[in-house]
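Proteins come first, then strands; the chains are lettered A, B, ... in the order of their sequence lines, and each starts at number 1. All values below were derived from every heavy atom in this structure, side-chain atoms included, with hydrogens, water molecules and symmetry-related copies excluded.
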There are 2 protein chains.
Amino acid sequence: MVFAGQGDPQRSLPLLWRVPSTASRPGPKQGLTVDEIVDAAIAVADASGMAALSMRAVGDRLGRTAMALYTYVPNKSDLVDLMYDRTLAELPTSYAFDGGWRTAVTSWASDLWEFYLRHSWVLQVSQARPVLGPNEFSTLETVAGILRSTGLSATRLRPVVSALTHFVRGSAQVVAEAREAATATGMTDDTWWYARSAVLEEIAPDFAARFPTLVWLESDGNSPPEDDTPYFEHKVRTTFTAGLDVLLDGVEAAIAAEAASS
Amino acid sequence: MVFAGQGDPQRSLPLLWRVPSTASRPGPKQGLTVDEIVDAAIAVADASGMAALSMRAVGDRLGRTAMALYTYVPNKSDLVDLMYDRTLAELPTSYAFDGGWRTAVTSWASDLWEFYLRHSWVLQVSQARPVLGPNEFSTLETVAGILRSTGLSATRLRPVVSALTHFVRGSAQVVAEAREAATATGMTDDTWWYARSAVLEEIAPDFAARFPTLVWLESDGNSPPEDDTPYFEHKVRTTFTAGLDVLLDGVEAAIAAEAASS
DNA sequence: CCTGATACTTTATGGTGTAAAGAGTCAGCG
DNA sequence: CGCTGACTCTTTACACCATAAAGTATCAGG
């Protein structure tokens, strides 16, 4: 986990909100811009993951040393903040309501899912002290805006947003980690599982007796992937869509309760 | 994120399942046991977080060098696996059904929540290639067992378990990260937020116009904490309980659909 | 033209996981 | 009994990390 929002707010927040610095300063001209550095850092993280994101790696990509970056950005944590907020700009900020709130939320969730898989390092940025950048607020405003149209009160809406966010994030994280593990170990999930289950059968011959529900759960109703998606990813994807529906049924109930209580 | 399940299954799985190694071997006696090492590692992680967990730190606690541990455990990743599964043993494996499945699931979720906060480093162990230890399976069996009693089919049950797990995990993670950030920076959340919001108002004076839903969401219906829990934690806690109810309403709908379709 | 702030590099510090090599210990065999 | 070789544990070493500190070159304002 990489911590965010650690820096001096007087310095990092203006960076995030791109408040232009007016002062004309002596000394050599800066050869780079903050955005160039942030883009390079995003490129590194996209290509090789958060673990490979080092000041050296970013500097190398720009023909500078690691230390050169410190004249643009206070420290690595603030750089991650900037990467995070810049990347979030990719997400749509409005959704059509033609099909009602439910389809709007579903496509929001699907967009977020794909976003997380496109930039899986984002999942490693801590949420506790959020990056208070403009795009962070924008994305929150977007979901909250859709759901507000259902007539839910603020008290009922907050947990809904929270549940939705955690669910999308958690589901995407599983896939992201699986992919990272696959490239890191050079082993697909299927071969990984195969090697494990063989040893497992040997070591825990009473498995079926000890964990009957798990065996039942696994044995039943698994549809194979239609395209060439790895089996594991396909399973998570299916579970994600179905789980989202369960959650939205819950939201439906909340809306009904709201209507009844007002 | 710390990756799990990376090791050679022939070596790490027997360790996890505590298959006794019978061979009597030459050379000096081992002065430690795997369990002692795992316990020391858990103590380090509990006290100082996953970031502070190093082979040197664990060795120091046992009066050994870092390298000495490698005769017990193949590598750090496998040590984390062992820590993970050993810690999971703390969780209850059965729940009373007196109040029906819903109260059982609620207290399961609450136990899991508290477990995550007690050992927040657990949240940084990757789920993609699960630690295939006995306790990992046990905890899964427990929830799945409760929910199976509702008559849900495997296809409908899988996404429910997934949604519940992700939600508890995600909610707990926010609190855990907040606490870690607080001790790391020596700054409570409240002072952190205060410092930020002051700068934010200055930098983004049009905030209310740009993010009306967020402002509405924040301004409405926040109950203050009764005890001395930090305000931020209290808010997450409240949202967690309410969100769980929304989710369980969704499960209720799934049960009804199951009954209708069979 | 000088002064001093700035951009960038070089070097250094204290940390990480773990490979490799060395020192001491002891079970089993001749 | 004494050797052999496997074993435990330590020491050293390597390649990395973020970043502090110091040095060098550059340029705006006085």
Side-chain angles (χ1 to χ4, degrees), chain A residues 1-4 6-8 11-12 21-34 36-37 40-41 44-45 48-83 121 124 184-185, chain B residues 1-4 6-8 11-12 21-34 36-37 40-41 44-45 48-83 121 124-126 184-185:
Chain A
M1 183 58 52
V2 175
F3 275 102
Q6 303 278 35
D8 171 20
R11 173 116 190 245
S12 37
S21 61
T22 49
S24 98
R25 309 188 303 182
K29 296 265 183 291
Q30 288 193 314
L32 300 172
T33 62
V34 172
E36 279 179 286
I37 290 173
V44 171
S48 322
M50 193 63 129
L53 180 77
S54 70
M55 299 304 268
R56 276 175 179 60
V58 178
D60 281 355
R61 187 174 275 257
L62 297 165
R64 301 297 144 98
T65 63
M67 289 312 291
L69 309 180
Y70 285 90
T71 53
Y72 297 86
V73 155
N75 50 48
K76 189 181 175 181
S77 167
D78 275 10
L79 175 58
V80 172
D81 284 11
L82 286 163
M83 293 166 62
W121 53 269
Q124 292 187 50
T185 63
Chain B
M1 184 57 49
V2 175
F3 275 100
Q6 304 277 35
D8 171 18
R11 174 117 190 244
S12 38
S21 59
T22 49
S24 98
R25 309 188 303 183
K29 297 266 183 290
Q30 289 194 315
L32 300 172
T33 62
V34 172
E36 279 180 285
I37 291 173
V44 170
S48 322
M50 194 60 130
L53 180 78
S54 69
M55 299 304 271
R56 280 171 177 79
V58 178
D60 281 355
R61 187 174 274 258
L62 296 165
R64 301 297 144 98
T65 62
M67 290 312 292
L69 309 181
Y70 285 89
T71 53
Y72 298 85
V73 154
N75 50 47
K76 190 182 177 182
S77 168
D78 276 10
L79 175 57
V80 172
D81 285 11
L82 286 164
M83 293 166 63
W121 52 270
Q124 292 186 49
V125 178
S126 162
T185 62

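Atoms CG (Asp78(A)) and C1' (dA18(D)) sit 14 Å apart, rounded to a whole Å. Here dG24(C) presents its C1' atom at 15 Å from NZ of Lys29(B), a figure rounded to the nearest Å. When rounded to the nearest whole Å, the span between CG of Leu79(A) and P of dA18(D) equals 10 Å. Between Leu69(B) atom CG and dA19(C) atom P the separation is 14 Å, expressed in whole Å. The distance from atom CG of Leu62(B) to atom C1' of dT10(D) is 16 Å, rounded to the nearest whole Å. The CD atom of Gln30(B) sits 13 Å away from the C1' atom of dT25(C) (whole-angstrom rounding).
Of the residues near DNA chain C, Met55(B) and Met67(A), the one whose nearest nucleotide (by heavy atom distance) lies more toward the 5' end is Met67(A). Nearer the 5' end of DNA chain D, as judged by each residue's closest nucleotide, is the contact made by Ala68(B), out of Ala52(A) and Ala68(B).
Nucleic acid contact class of Thr65(B) (heavy atoms, under 4.0 Å, all strands): base. Residue Leu53(A) is in sugar-phosphate contact alone, with no base atom involved, counting any heavy-atom pair closer than 4.0 Å across all strands shown.
Between Tyr72(A) and dC8(C) there is a side-chain polar atom (N or O) within less than 4.0 angstrom of OP1 or OP2. Remark: Lys76(A) is not in phosphate contact with dC17(D), judged by side-chain N or O atoms under 4.0 Å from OP1 or OP2. Side-chain N/O atoms of Thr71(A) include one lying less than 4.0 angstrom from OP1 or OP2 on dC8(C).
Residues Thr71(A) and Gln30(A) share a closest heavy-atom pair of O-NE2, 3.7 Å. Here the shortest heavy-atom pairing between Met55(B) and Leu69(B) reads O-CD1, 3.5 Å. The two residues Val58(A) and Ala40(A) make their nearest non-hydrogen contact at CG1-CB, 4.1 Å. Nearest heavy atom pair, residue Ala52(A) against residue Ala57(A), reads O-CB, 3.9 Å.
The backbone N or O of Ile37(A) sits nowhere less than 3.5 Å from a side-chain atom of Tyr72(A) that would complete a donor-acceptor pair.
Counting distance only, with no hydrogens placed and no angle test, the side-chain atoms of Arg56(B) and the base atoms of dG17(C) include a donor-acceptor pair under 3.5 Å.
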